[in-house]
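First the structure, in the form of structure tokens, and then the observations on it.
Just so you know, ligand 1 is whichever comes first in the structure, and atom 1 is the first atom listed for that ligand.
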Amino acid sequence: MYTEKVMDHFQNPRNVGEIEGASGVGTVGNAKCGDIMRIYLDIDENQMIRDVKFKTFGCGAAVATSSMATELVKGKSIYDALQVTNKAVMEALDGLPPVKVHCSLLAEEAIHAALWDYAEKNGIKIEGLEKPKSDIHEGEEEEEEEY
Ligand code: FES
């Protein structure tokens, strides 16, 4: 049920680890399943992402999507990194089973949280970046209540 690319990134995740003194760190969890992801960004003076590492305590799909997300943002400007959505990550992995789509949101939110941390540390505003949620399930609950 998983594509070859998902299995590859799950079994050999890229960019696992931590960055000491990172420019920005973002941690996001999903209270529903209890999974947590942390992303570390090293951003240079030209606002380019020089390096990125992640740690995921979560399911296989969460590991695979974080791995692919780090590959997609590495070497990009912070603005291009903002465009890396969970959809883009899923496409790069040749798709995810529908029940696992929410797992890919962790990676997108964790990158946004790390960019937010970087912006706060440097007193800048990143156009198009909204304050990230620390729990991706928060949004789901609000939506459920509305309908
Ligand atoms: Fe929790 Fe996948 S089941 S992130």
Side-chain angles (χ1 to χ4, degrees), residues 1-43 47-121 126-147:
M1 77 176 204
Y2 287 118
T3 67
E4 258 172 53
K5 280 193 189 161
V6 172
M7 288 310 289
D8 176 32
H9 277 264
F10 169 56
Q11 278 162 344
N12 310 294
R14 328 296 199 260
N15 308 309
V16 173
E18 292 177 27
I19 297 176
E20 232 177 278
S23 318
V25 182
T27 308
V28 176
N30 182 340
K32 220 176 190 175
C33 58
D35 293 347
I36 297 174
M37 178 182 306
R38 181 168 295 156
I39 294 247
Y40 300 82
L41 294 176
D42 177 20
I43 299 168
Q47 302 193 326
M48 301 294 286
I49 299 174
R50 198 161 31 193
D51 199 10
V52 47
K53 296 264 188 250
F54 81 93
K55 277 193 162 174
T56 292
F57 308 93
C59 72
V63 172
T65 48
S66 349
S67 167
M68 182 53 94
T70 56
E71 289 280 275
L72 292 179
V73 301
K74 206 176 193 172
K76 290 217 165 101
S77 76
I78 55 173
Y79 292 97
D80 287 343
L82 254 192
Q83 308 306 320
V84 176
T85 58
N86 74 310
K87 251 187 157 171
V89 173
M90 282 195 296
E91 272 169 28
L93 286 169
D94 295 335
L96 275 179
V99 292
K100 288 284 168 187
V101 169
H102 76 276
C103 313
S104 66
L105 277 173
L106 269 184
E108 180 185 321
E109 284 295 321
I111 289 170
H112 289 184
L115 287 171
W116 184 267
D117 181 44
Y118 162 76
E120 283 211 316
K121 277 184 182 149
I126 301 177
E127 208 57 53
L129 178 64
E130 287 175 19
K131 193 173 184 351
K133 306 171 197 140
S134 57
D135 174 6
I136 60 161
H137 187 53
E138 279 170 20
E140 286 175 26
E141 256 175 354
E142 279 162 28
E143 278 167 30
E144 278 161 24
E145 277 162 16
E146 272 173 35
Y147 297 103

Does some side-chain heavy atom of [Y] sit less than 4.5 Å from a side-chain heavy atom of [X]?
X	Y	value
Cys103	Asp35	no
Val84	Glu108	no
Tyr118	Ile78	yes

> What protein N/O/S atoms sit under 2.8 Å from atom 1 (Fe) of ligand 1, by chain and number?
Replying inline: Cys33 SG, Asp35 OD2

Side chains of residues 63-75: which donor-acceptor partners sit under 3.5 Å, not counting sequence neighbours?
from, atom 1, to, atom 2, distance (Å)
Thr65, OG1, Ala61, O, 2.8
Thr65, OG1, Ala62, O, 3.2
Ser66, OG, Thr56, OG1, 2.9
Ser66, OG, Ala62, O, 2.4
Ser67, OG, His9, ND1, 2.6
Ser67, OG, Arg14, N, 2.9
Thr70, OG1, Asn15, ND2, 2.9
Thr70, OG1, Ser66, O, 3.4
Thr70, OG1, Ser67, O, 2.6
Glu71, OE2, Asn15, ND2, 3.1
Lys74, NZ, Asn15, OD1, 3.0

>> Does atom NZ (Lys87) have a neighbourhood of more than 12 heavy atoms from anything else shown, all under 6.0 Å?
In response: no

> Going through the distances and angles, do Glu4 and Asp94 end up as a side-chain contact (heavy atoms from CB on, under 4.5 Å)?
Replying inline: CA-CA 8 Å; Glu4 258 172 53; Asp94 295 335; over 6 Å; no

